Amino acid sequence: MTLAALASTVLACALMTTAAAASSPLVIAHRGASGVLPEHTLPAAAFAYAQGADYIEQDLVMSRDDVLVVLHDIHLDTTTDVATRYPSRHREDGRFYAIDFDWAELQTLTVRERFDPRTGEAVFPQRFPSGDGPFRLCRMEDQIQLIQGLNHSTGRTVGLYPEIKDPAWHHSEGKDPGTALIALLAHYGYDSADDPVFVQCFDPAELKRLRRETGTTLPFIQLTGGDLPLTDANLTDFATYAQGIGPHLGQILRADGQPQPAVAAAHARGLLIHPYTVRADALPPGVPHIDVLLDLLLHQAKVDGVFTDHAAATIAFLRR
Ligand code: G3P
Ligand code: CA
């Protein structure tokens, strides 16, 4: 083969790979590479980036001094050492709330692999050892800077996938994390419909309010679950303000593995479908391996992306 022919072949293969990648379902790193490292830490985000995720998720709560903190729960006692470091700072219910701490205090906490605060037992014992470690909480701003920096140094475009946690509760505490998130994203250049961001929330009222009050055109994903079924009426409503849905796995797959009718109904309304959560170590009943689950979701139901704790296994499946 001549050099010119070789170059032509390589270029053709590269174009085919790019086209395939562009049409592939999205791999969304759920809480970063949470199957490998403590969730929502900067190392977990960097690891997910290196694994090849398309988007990296950030669950968000607000601190007392209005910092958007990347944390799944409004409580701190399921992933940090708050109970030993600040033993008197719990509320009457015995729980420690991030909203009762300033960012300077939150920065002093050590983050651990998720555990049951009543027993100290790890939720996923086979994951990162749950003890002392170099892990800290981070802000949404830290994750944006990390991902934008990596995008610059690698030439890739990995997106953000922030979730506004418990907005009604935050409002009742005098906080507005949703509006703060839209402003922070705009500050870092994410302000239009084709930017690599999906803003997600379980509360339809919050997404509707943000669309109305901020005028943002960023893509929105309506999360759904037990309290929010995928009825035709709900899907029609979601399509008025959101670009897609983030359903629980059970809302996409029936017990026999067949797609639920809501899959076709959502696609018929132009809604993307990004179900949660694909975990190699917590599979649905009757599913023997992550590849089987991925086949059902991506090849049978033909969803548009998946939230996964195991991005590497998901990407390996897609490549095969
Ligand atoms: O945001 C998608 C999925 O993460 C929703 O569940 O509880 O893990 O935030 P959760
Ligand atoms: Ca989430």
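Keep in mind that this is a model prediction, so the values were computed, not measured. Start at 1 and go down the list; that is how both ligands and their atoms are numbered.
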Does the Lys NZ or Arg CZ of R269 fall within the cation-pi geometry relative to F238 - under 6.0 Å from the ring centre and within 45° of the axis? no
May I ask you to check if ligand 1 and E163 share an N or O to N or O distance below 3.5 Å? yes
Which of the atoms of ligand 1 are close to L223, meaning less than 4.0 Å from one of its heavy atoms? 1 (O), 2 (C)
Under the criterion side chain to side chain donor-acceptor pair (under 3.5 Å), I'd like the reasoning laid out for T110 against R136: C-alpha separation, chi angles, the key distance, then a yes or no. CA-CA 5 Å; T110 295; R136 293 284 181 267; 3.1 Å; yes
Of K165, R95, R114, which meets salt bridge (Lys or Arg N to Asp or Glu O under 4.0 Å) against D73? R114
Closest non-hydrogen protein atom to atom 4 (O) of ligand 1, residue and atom name please, with distance? H30 NE2, 2.7 Å
Are any of the heavy atoms in F202 under 4.0 Å away from ligand 1? yes
Do H274 and F198 make the cut of ring centroids closer than 6.0 angstrom? yes
With heavy atoms of D59 as the reference, note each atom of ligand 1 found under 4.0 Å away. 9 (O)
Working to the nearest 0.5 Å, report the span between CG of L218 and CG of L207. 11.5 Å
For ligand 1, which atoms have a heavy atom of E57 less than 4.0 angstrom away? 1 (O), 2 (C), 4 (O)
Specify the protein heavy atom at minimum distance from atom 9 (O) of ligand 1: its residue, its atom name, and the distance to 0.1 Å. K165 NZ, 2.7 Å
Which heavy atom of the protein is the closest neighbour of atom 1 (O) of ligand 1, given with residue, atom name and distance? Q200 OE1, 2.6 Å
What is the nearest protein non-hydrogen atom to atom 7 (O) of ligand 1, stated with its residue, atom name and distance? H72 NE2, 2.6 Å
If you check every N/O/S atom of E57, which is the one nearest the Ca ion (ligand 2)? OE2
As a test of reading the structure, name the N/O/S atom of E163 that is nearest the Ca ion (ligand 2). OE1
N/O separation below 3.5 Å, T277 to ligand 1: no
Is it the case that the ring center of H299 lies less than 6.0 angstrom away from the ring center of F317? yes
Kindly say whether the aromatic ring centers of F96 and H75 come within a distance under 6.0 Å. no
For D59, the N, O or S atom at the shortest distance from the Ca ion (ligand 2) is OD1
Thinking salt bridges, do D237 and K208 make one under a 4.0 Å N-O criterion? yes
I'd like to know whether ligand 1 has R31 as a neighbour, heavy-atom separation below 4.0 Å. yes
Checking R156 against Y49: charged group under 6.0 Å from the ring centre and within 45 degrees of the axis? yes
